[in-house]
Amino acid sequence: MDPLTLIPTPDTIPAPSWLFLLLDVSTFTLHILLINIVLGGSLILLFTRAGKQSAEPENKLQEGIAGKLPVIIALAINFGVAPLLFLQVIYGHLFYTSSVLMAVYWILIIPLLIVGYYGAYYYIRKKSSAPMLSRIAILLTSLILLYIGFIFVSNMTMMAQPEKWVAYFENRGGTLLNSGDPTIIPRYLHFVTASIAIGGLFLAIVWWFRKQKNAAGAEEKIKSALRIFGIATAMQVVIGFWFLLALPSEFIIQFMGQNLFFTLLLFAGIFLGIGAIVFAFLGNLTFTAAFFVATILTMVITRANLRALYLGDAFSLSSLKVAPQYGVMALFFIIFAVGIVSVVYMVRMAISANERRIAS
């Protein structure tokens, strides 16, 4: 059977495809940052809670993120809506198909996410009065987030490989996973180590703000958090090369000089990442954050380039038919902007309320 015959006909789109791709990449960058903070933060909490620390709870390194986890989870979920919608506009016929193929695992994300969300709340409320149960709660939250991450990685890879869809005729129960793909493990580990790194960077930023308020030991905490970022990012670079070498040979040569844009972007990301590692071990938060932001932007675009290579002749954005609806698009952008302003306002209100609570 020709796998290309299994690809549904894509819907028409109301504006040029490059616009939706730009929106997808930009909003996905915000979403993945929040997801990384949540997963990395929960893993750092899990492993640091296992050790003994002499500091008071509010002065422990990991507690810089503990009380913020539920809020960040909520933000991550909300900020995930936009990239998912933009993905569906341009890749919907592929994404829906891969989601149906793994429907059982995919639908489990919703109830498990609710449980994980509750686990984060339980942790911050019971970490002092019920330390053992709170550790179990954060362990459960971490495992759920790891599961969700793996299912997303599996879905995104299967979406881009229609040739894998023929396995449906051997398994019609909605339990297909792209676990046989040689890139799935390094891709997933690349995501996990990135989460730990970003969790460390977020901790450093939290303690930087506390340093402005003369919190005891803040400088040491910043350096410790940056070391977490540096070590995890170094691991991520190594796993990244594993990921690269696990790709089909015809894709590797695209990133090794055959496609100049792909190559320059990939190596820019690598060198920027190494720069972030160096500044992290030097304890320079400003340059670490700057190099990190540049790194993640290059890597998100590289991710989109890799998806285009996988799809090859099966689908390209240029094949999408455009039925202009610029009035609708203008209304969308207005609502989109209002939504962003509202979220920023609510976050600022929450931060102000927290500061007043601490001051009182």
Side-chain angles (χ1 to χ4, degrees), residues 33-80 108-152 191-210 213 215-218 220-222 224-229 231-232 347 350-351 353-360:
L33 282 173
L34 291 168
I35 289 295
N36 287 153
I37 292 172
V38 170
L39 176 57
S42 64
L43 290 175
I44 291 171
L45 278 172
L46 179 64
F47 288 107
T48 52
R49 277 296 299 262
K52 294 182 179 180
Q53 298 186 46
S54 57
E56 293 299 318
E58 65 274 12
N59 292 326
K60 292 180 180 179
L61 171 66
Q62 71 273 16
E63 296 307 320
I65 199 172
K68 300 171 179 60
L69 267 185
V71 175
I72 301 173
I73 291 175
L75 287 173
I77 294 170
N78 283 280
F79 272 93
L108 279 175
I109 288 176
I110 298 173
L112 286 175
L113 187 58
I114 294 172
V115 174
Y117 192 36
Y118 179 78
Y121 264 113
Y122 188 90
Y123 173 81
I124 63 173
R125 291 184 176 275
K126 300 291 184 178
K127 61 186 178 183
S128 298
S129 59
M132 182 58 68
L133 288 177
S134 69
R135 288 174 186 170
I136 294 173
I138 200 63
L139 171 62
L140 182 61
T141 297
S142 300
L143 291 175
I144 288 172
L145 292 172
L146 287 169
Y147 167 84
I148 293 173
F150 181 78
I151 297 304
F152 264 90
F191 160 72
V192 173
T193 51
S195 296
I196 297 172
I198 295 171
L201 183 59
F202 181 76
L203 271 175
I205 293 171
V206 169
W207 280 101
W208 181 87
F209 279 106
R210 292 188 177 186
K213 300 177 182 178
E220 180 184 347
K221 299 295 192 302
I222 293 171
S224 296
L226 286 176
R227 280 196 295 271
I228 293 174
F229 171 86
I231 293 170
V347 170
I351 293 173
N354 186 58
E355 290 176 347
R356 289 195 298 270
R357 181 183 61 82
I358 293 174
S360 61

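Put simply, OG on S42 and CG on L146 are 7.0 Å apart, with the number rounded to the nearest 0.5 Å. Taking CG of L33 as the start and CD1 of I72 as the end, the distance is 11.5 Å to the nearest 0.5 Å. Once rounded to the nearest 0.5 Å, the distance linking CG of N36 with CG of L145 reads 11.0 Å. Atoms CG and CD1, from L143 and I148 in turn, are 11.0 Å apart once rounded to the nearest 0.5 Å. To the nearest 0.5 Å, the span separating CG on L133 from CG on L139 amounts to 12.0 Å. Atom CD1 in I231 sits 10.5 Å away from atom CD1 in I196 (nearest 0.5 Å).
Annotation: side chain of I138 is in contact with side chain of L69 (closest heavy-atom distance under 4.5 Å). Using a 4.5 Å cut-off on side-chain heavy atoms (C-beta onward), R210 and V206 make contact. Looking only at side-chain heavy atoms (C-beta outward), S195 and L43 stay at 4.5 Å or farther from each other.
Of all heavy-atom pairs between A130 and Y122, the closest is CB-OH, 4.4 Å. Residues F152 and I109 come closest through the heavy atom pair CE1-CD1, 3.8 Å. The two residues G199 and I44 come nearest to each other via the heavy atoms C-CD1, 3.7 Å. I198 and F229 get closest at one heavy-atom pair: N-CD1, 4.4 Å. Shown here for I228 and G200, the closest heavy-atom pair between the two residues is CG2-CA, 4.1 Å. Annotation for T193 and A232: closest pair O-CB, 3.6 Å, computed over non-hydrogen atoms.
Applying the ring-ring contact (aromatic ring centres under 6.0 Å, His included) test to pairs two or more places apart or on separate chains, those with a residue in residues 129-151 are F150-Y188.
Between Y121 and Y117, the angle of the ring planes goes over 60°, which puts this pair in the perpendicular group of the 30/60° scheme.
In this view, L75 and L34, V71, F79, V343, V347 satisfy the side chain to side chain contact (heavy atoms under 4.5 Å, CB included) rule, not counting sequence neighbours.
Only one option out of T141, I136, L45 pairs with Y123 in a side chain to side chain contact (heavy atoms under 4.5 Å, CB included); it is L45.
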